[in-house]
Amino acid sequence: MQTKLSPQYNPKEIDDKWYRFWEEKGFFHRKPDTSQKPYTIVIPPPNVTGVLHMGHALNNIIQDILIRWRRMQGFNTLWMPGTDHAGIATQNVVERELAAKHVKREHLGRERFIEEVWKWKNQYGSTIIKQLKKLGSSCDWTRERFTMDEGLSSAVKETFVRLFEKGLVYKGKYMINWCPRCSTALADDEVEHEEHEGNLWYIMYPFRDAPHLYVIVATTRPETMLGDVAVAVNPKDDRYKDMIGEVLTLPIVGRELPIIADELVDPTFGTGAVKVTPAHDPNDFEMGKRHNLSSVVVMQENGVMNENAGDYEGLDRFECRNALVEELKLKKFIEKVTAHKHSVGHCYRCHTVIEPYISDQWFVKMRPLADAAIQASREKRVIFFPDRWEKIYLSWLENVRDWCISRQIWWGHRIPAWYCQDCSRITVSHGIPAVCSKCGSTELKQDNDVLDTWFSSALWPFSTMGWPKETPELKYYYPTSTLVTDRGIIYFWVARMVMMGLEIMHQVPFSNVYIHGTILDEQGRKMSKSLGNGIDPLVMIDKYGADAVRFSIIILTTEGQDIKLSESKFEMGRNFTNKLWNAARFILMNLQEEHPEEIQHEFSDYQFEDRWILSRLNSTIEACTASLEQFKFNDATMKIYDFTWHSFCDWYLEIVKARLYQPVSSKDKKVVQTVLAKVFNQILHLLHPFIPFITEELWQNLKKVIYENKINIQEDMRSESLMCNAWPTQDKRYESQFSEKNMAVLQDIIRAIRNIRSKMNIMEKQKLHAVISVSGDGELDLEEHSNLLKRMANLEHIDIGKDLPKPENSASEVIGRIDLSGDLDISSGLTTGGQIQVFVPLTGIIDQAAEKERQLKHLKQLEEHLHIVQQKLHNKNFIARAPAHVVAMEQNREKELLEQIQKVKLILSDFG
RNA sequence: GGGCGAUUAGCUCAAUUGGCUAGAGCACUUGCCUUACAAGCAAGGGGUCAUAGGUUCGAGUCCUAUAUCGCCCACCA
């Protein structure tokens, strides 16, 4: 008897083979078919510059599980893959590469630089795609998209034009977040705030007409004082009330600054007087508008001080700060400096300190879009898992400000707006306009800016399906089913997709949003390049196999919680896949016959353990499916794990070995083979979404062996691949409370004997004699199971009877077999009564002291338990107010415990 | 300043929504190379569920504080 499975499980030999098979056969690809229900996921497109990290791995494992599971359930699935052009990030990468060759982007010019980026994209852009394939991701690669490809560009332009025409996109001079290094505007949420130990400088601003008197203002950014145009106080602040309208002199610069009153000023902060710099602070910008103040820009785009900074022109903003403070100190304008903790904005791409800056930018008017999204949430058209994210998402939508979408970089979707050189009218158009829409001039110049990367990402769920064209895909697969992503991009991406989906498609882009946790290192820190604490999923795949990585990650994934990961975690997955492999070897070996023949049998030919395992399988199918419905991935995984390892391998396989090795009849052997094949087949189905490679390999082997050996498991095995087969459904015929409860009793008896063996230091090999005494009115026919008991407890012979006496010199154990569930089914063969006593006569070997100790310990446990139970029962309120079944359960338990205690005491009395 | 999450065995995490003696995996102890598997088998030990109050017949689970850690948001000049 030989199987084709090698004795050692080696994922390297199977993973790539099956992935190629699936892809070549086109199993990932489906076409719209209105006779089937669609299930769609769009991938969160990783950056083209990306390299697979653990976060990607988790994200894509979850999506693959959902897609494979739904595909098996018979849905017409689409997992839409692709990558994001990641404007700033990609531009930075290519710029760095050019810098290594001493080439600057500016020297190349816009067109040639973009050519370089495309070259880079074509060369390296598929790296992460290849890595996703290594994981087993069953995306429909024939539909792979890129946010800069032609179709998506068309979607971007069309959206921009539509929003502009509706007045939802506008251009204007506002204060935005400026990254001096990237030399571009950023959206509010692209700014990362960090706590910073800074200083608060208290600077004296003298009165113009009384230079010996002054007002002190406090600032964290003294260099901006060069752009001050006023000093503001709260109108209700008694200290300053009378000074409103007076004029101060700006130290060093000499500019005259009126004292103005503004509600915004917080009298409790600093001195209660604030310098007003409309060109360099968002609050001051608003204040400037309110009070009609001019603004003085003192800095260039690159963070270097300009001509308005006087002597400081040409200095970097932070050098200027230091130098200016020195001068102020020297000239005695600094009253004091205090340490001050405050948060400072940084560019999310390059981490440079952000500068508030006034410039001409494009914005999306968010209020109407956000209101529609809020409405959709309230109507449960978008549901978050876990639901706590909905509140966070909603509060963002409620407070959202207009979205700055223009970026002063080259790599991205160029804004489809043209400026007339004659009348300066803006023409916004999908195609290149021939003439100015106002004056008819042909002198048109396109806007230099590109759109925020997230603008195109926001369209992803429909742009990837062909919009603005009315494709069959769009019609069938949109809206999508589930979005799987990280909490980090709820605002960036999820919210914007909802808004754009509603605005453009008039439908939410997805009905469920599953937010998974973040992968952290062993110490609970984020994995990052700079800390060097990352675990490379590809290295882990190489070492443990993709399935082990998937299994280990997913068994740790509890709803939305972060995952502390260390390499040792992958051992669980490896051990499990290895166990599965070995179980398969055992099964396949034992299914093979030299002269296979078909033997008819019926359910009535099934033995007790066959019915038991089928019943357990049935409940596992039910529980696992239910868990997946609720996105409880670890729950589902644990259930199959426990069933496979601890029910199927530990018990069923061990029990049936006898029937395989010394068959009582060829029919019974066939029965065992059939059940083995049937259950294992279902296990492979249940496990397939989680560990696709090994299950496919084992299933292909199983299928062949089943066919060759004429085993009829009454399941459809015709598919070419396990991934195309049907997800198991429960079968009520196999549900058997009777066998599950009785098996639990048998397991207790076996464990009791094994425990005695272990405690008495008796070798496993040594066969024993056991006396099993049943008391009470139970109807469990132990005699029927004596072979099972003998085999599993390694007994020479076994005596079973009612109320048998304890043999001399025997170790014993009392086992309760009460049904505590409260909903007793008398016909199940298990009634409320009685215990089972197990005696193992050990003349000559028994260690009396050890045995006495065992009994005393057991007695103590029972008494402690009884105490807890009686405490409840002695409480009148418990009897009166707890539900009847709970009271009944406790009463049964009390009775049971009392009887057990009595039995143990009796045994103990032998020891004197 | 506001919000959210976490706190359960030595470690990493569960606990069906308030009801069996709180469960796994790893680690630990003891015995086994038993013809699928030592990446394994068998039998064990190990928990004041962060703290303090409260609600309830009953609390790991609900409420109120407190502590520690982490994350997010904010116009902290």
Side-chain angles (χ1 to χ4, degrees), chain A residues 3 5 7 9 189 193 200 217-221 224 232 264-266 269-271 273-277 281-286 340-343 356 386 388-389 391-392 395-396 399 487-488 490-491 517-518 520 522 524-526 552 555-556 558 560-566 568-569 571-572 574-590 623 626-627 632 634-635 638 641-642 649-650 653-654 657 661 751 754-759 761-765 794 820-822 861-862 864-865 868-869 872 875-883 885-887 889-890 893:
Chain A
T3 69
L5 294 183
Y9 163 53
D189 45 19
H193 292 271
L200 199 53
V217 299
T219 179
T220 55
R221 294 190 302 150
T224 63
L264 197 81
V265 179
D266 174 5
F269 187 91
T271 59
V274 56
K275 58 196 255 343
V276 181
T277 325
D281 183 277
N283 284 328
D284 297 4
F285 177 74
E286 294 301 321
H340 180 64
K341 207 185 208 177
H342 62 134
S343 84
R388 64 172 181 273
W389 294 111
K391 268 190 286 174
I392 292 165
S395 79
W396 184 81
N399 300 306
R487 59 168 175 265
I490 292 176
Y491 313 137
T518 308
L520 305 171
E522 237 173 323
R525 302 172 303 179
K526 270 189 188 163
S552 305
I555 209 162
L556 297 171
T558 52
Q561 285 309 317
D562 290 349
I563 299 161
K564 280 192 209 169
L565 197 66
S566 59
S568 64
K569 294 280 166 62
E571 286 169 10
M572 197 198 300
R574 180 201 53 188
N575 293 355
F576 181 68
T577 46
N578 188 55
K579 183 77 181 176
L580 193 68
W581 184 268
N582 284 305
R585 284 178 56 227
F586 170 80
I587 292 160
L588 294 181
M589 256 188 246
N590 284 291
S627 295
K632 295 187 172 175
N634 77 316
D635 234 44
M638 295 284 287
Y641 176 93
D642 181 60
C649 292
D650 287 352
L653 294 189
E654 292 306 322
K657 272 177 183 173
Y661 296 162
R751 269 191 281 262
R754 286 171 175 175
N755 182 250
I756 289 169
R757 191 189 282 280
S758 169
K759 286 288 180 318
N761 281 319
I762 301 162
M763 289 284 126
E764 262 177 87
K765 279 179 237 170
N794 198 25
L820 298 170
S821 65
Q861 278 175 355
L862 290 170
E864 278 170 6
H865 190 184
I868 293 167
V869 171
K872 290 185 194 173
N875 182 340
K876 275 180 212 140
N877 284 325
F878 175 74
I879 308 287
R881 300 199 195 177
H885 76 274
V886 175
V887 176
M889 187 171 72
E890 295 299 335
R893 200 197 309 268

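Naming: A, B, ... by sequence-line order, numbering from 1 per chain. Note that this is a predicted model, so its numbers are computed, not measured.
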Find the distance [X]:[atom1] to [N]:[atom2] and express it as a whole number of Å.
X         : N      : atom1 : atom2 : value
Phe878(A) : A59(B) : CZ    : C1'   : 14 Å
Ile563(A) : A6(B)  : CD1   : P     : 15 Å
Asn761(A) : U29(B) : CG    : C1'   : 13 Å
Phe269(A) : A74(B) : CZ    : P     : 18 Å
Lys872(A) : G58(B) : NZ    : P     : 11 Å
Met572(A) : A14(B) : CE    : P     : 12 Å
Asn634(A) : U16(B) : CG    : C1'   : 13 Å
Ile555(A) : C26(B) : CD1   : C1'   : 12 Å

What's the spacing between [X] [atom1] and [Y] [atom2] if we round to 0.5 Å?
X         : Y         : atom1 : atom2 : result
Asp284(A) : Lys275(A) : CG    : NZ    : 6.5 Å
Ile756(A) : Ile762(A) : CD1   : CD1   : 8.5 Å
Arg221(A) : His342(A) : CZ    : NE2   : 9.5 Å
Arg585(A) : Tyr9(A)   : CZ    : OH    : 14.0 Å
Ile555(A) : Lys569(A) : CD1   : NZ    : 12.0 Å

Gap in Å between the two [atom1] atoms, one belonging to [N] and one to [M], rounded:
N      : M      : atom1 : answer
C73(B) : C26(B) : C1'   : 38 Å
C20(B) : G58(B) : C1'   : 13 Å
G53(B) : G10(B) : C1'   : 31 Å
G23(B) : C49(B) : P     : 14 Å
G5(B)  : A50(B) : C1'   : 15 Å
A27(B) : U66(B) : P     : 41 Å
G45(B) : A38(B) : P     : 27 Å
U56(B) : A14(B) : P     : 31 Å

Any non-hydrogen side-chain atom of [X] less than 4.5 Å from a side-chain atom of [Y]?
X         : Y         : result
Leu5(A)   : Leu588(A) : yes
Asp562(A) : Arg487(A) : yes
Leu200(A) : Thr220(A) : yes

Which of the following nucleotides, [options], is nearest to the side chain of [X]?
X         : options                : answer
His865(A) : C4(B), U21(B), A24(B)  : U21(B)
Val869(A) : C13(B), U21(B), A77(B) : U21(B)
His340(A) : G31(B), C20(B), C76(B) : C76(B)

**Message:** For a quick test of reading the model, state the closest non-hydrogen atom pair linking Asp635(A) to Ser627(A) and the distance between them.
**Reply:** OD2-OG, 3.4 Å
Check every strand shown and say whether [X] touches a base, only sugar-phosphate, or nothing at a heavy-atom separation below 4.0 Å.
X         : value
Lys569(A) : sugar-phosphate
Val217(A) : nothing
Ala880(A) : nothing
Arg757(A) : nothing
Ser568(A) : nothing
Ser343(A) : base

**Asked** Does Lys526(A) place a side-chain N or O at less than 4.0 Å from the phosphate oxygens OP1/OP2 of C72(B)?
**Response** yes
**Item:** RNA chain B: 5'-proximal contact among Ala218(A) and Ile879(A) (nearest heavy atom)
**Value:** Ile879(A)
**Item:** Anti/syn call for U17(B), syn if |chi| within 90°
**Value:** syn
**Message:** Tell me whether Asn755(A) contacts the main-chain N or O of Arg751(A) through its side chain, where contact means a donor paired with an acceptor under 3.5 Å.
**Reply:** no
**Prompt:** Just by protein heavy atoms under 4.0 Å, how would nucleotides 35-47 of chain B read 5' to 3' in B, S and -?
**Reply:** -BB-BSSSSSS--
**Asked** Is Lys657(A) close enough and on-axis enough to Phe586(A), meaning under 6.0 Å and within 45°, for cation-pi?
**Response** yes
**Complete:** Writing each nucleotide of RNA chain B 5' to 3' as (, ), [, ], | or . by Watson-Crick or G-U pairing under 3.5 Å yields (((((((..((((.....[...)))).(((((.......))))).....(((((..]....))))))))))))....
**Request:** Determine, stepwise, if the pair Lys526(A) / Leu520(A) fulfils side chain to side chain contact (heavy atoms under 4.5 Å, CB included).
**Result:** CA-CA 5 Å; Lys526(A) 270 189 188 163; Leu520(A) 305 171; 4.1 Å; yes
